[in-house]
Amino acid sequence: MASVNGETENGETETVVRRLRDGMVAGVLSFPLTSFHDDGSLDPDGFRTHVAARIATAPGAVFPACGTGEFFSLDEDEYRTVVTIAVEEAAGRVPVVAGVGYGWAQAARFARIAEEAGADALLVLPHYLVAAPQDGLVAQLEQLAARTRLPLIAYQRGQVAFTASSLKRIAAIPGVIGLKDGHSDLDRLQRLTLAAPEGFLFFNGASTAEIQARAYATVGVPAYSSAVHAFAPEIANAFFAALHDGDDKTIERLLRDFYVPLVELRDRVPGYAVSLVKAAARLRGQPVGPVRAPLTDPSAADLAELTTLLTTGLDLVGAAL
């Protein structure tokens, strides 16, 4: 296999890269929800049921404790529980990529927990609060990579946006294996893919990534994460199959009648990118519970609209609520 960082990688990292690359071709990347009881406490049994159901539908990889999994609301003990359960339920069938974040010092603490729990790699969520220059964005990954043996996937979104020259620098950091893009700036993304070394991984991490999936594929980034997989894997997998089969009729029907209305509903209230997903999972009987503050659960009116939309989407793929 080609070296991601321009040098010989250790066997463990090479294996993770190969498994992730194979997974990105085979299925969507799944970002499970973190289950809470009604009082806001962690529900480990509920999470185990939820993540096991996601893994059973053959995603390309599973990403616990990331944005959809409310990483920002978890303490370190809860994080350990969530990642451990995901690793146990995956049982080697799919790669487990755990989220880490904040500044590099705190991210390194989470990285150690993920390593001890048996995660395969880490998704480095955008750092907390402040804007930073390119040198600082690179240094953040250098500091974290020096403190973990797990491979890192950078996530550019919000205040994190790499230039092509910075992409070359982070790709040269031992252990940095890929980039998740949440900006949907295809001109910029094309420049990044052209600047990357052979074997560097890219995937579409836009909110409701299916909306831009065809456009991302035109710049060489066909792999994507799917929040819909957290509550309707039937829809997510049907869209993925249609995309890979070039079935534009099915793609456009799903976009027009399900995905676009879902995005319009999502955009009404800050935080709905997570709380709508969780509400939809509850509608399907998944034991995920409420969101934690500062997020809020959907209003009764929005929940009724979500129910109708979810029923429509499931009908389109021959499934039921």
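Just so it is clear, the model here is predicted, and its values are computed rather than measured.
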Atom CD in Gln159, atom OH in Tyr128: separation rounded to 0.5 Å?
-> 10.5 Å

Calculate, to the nearest 0.5 Å, the distance between atoms CG and CD belonging to Asn204 and Glu210 respectively.
-> 8.5 Å

How are the rings of Tyr224 and Phe239 set to each other: parallel, tilted or perpendicular (split at 30° and 60°)?
-> perpendicular

Parallel, tilted or perpendicular for Phe203 and Phe31, by the 30°/60° rule?
-> tilted

How far does CG of Asp315 sit from CG of Leu321, to the nearest 0.5 angstrom?
-> 9.5 Å

Could you go through the side-chain hydrogen bond (donor to acceptor under 3.5 Å, both in side chains) check for His127 and Gln140 one step at a time?
-> CA-CA 9 Å; His127 63 269; Gln140 164 90 336; 5.1 Å; no

When rounded to the nearest 0.5 angstrom, what distance separates CZ in Arg214 from OG1 in Thr218?
-> 11.0 Å

Can you say whether the rings of Phe47 and His50 are parallel (under 30°), tilted (30 to 60°) or perpendicular (over 60°)?
-> tilted

Residues two or more places apart in sequence or in another chain: which of them pass side chain to side chain contact (heavy atoms under 4.5 Å, CB included) with Val138?
-> Glu142, Ser166, Arg169, Ile170, Ile173

Residues Arg284, Glu234: salt bridge by 4.0 Å N-O rule | yes

Please examine the side chains of Arg157 and Ser184, heavy atoms only from C-beta on, and report whether any two atoms are closer than 4.5 Å.
-> no

Considering all heavy atoms, the nearest Lys278-Val288 contact = CE-O, 3.3 Å

Is there a side-chain contact between Arg292 and Glu70, using heavy atoms and a 4.5 Å cut-off?
-> yes

salt_bridge(Arg147, Glu115) N-O dist < 4.0 Å | no

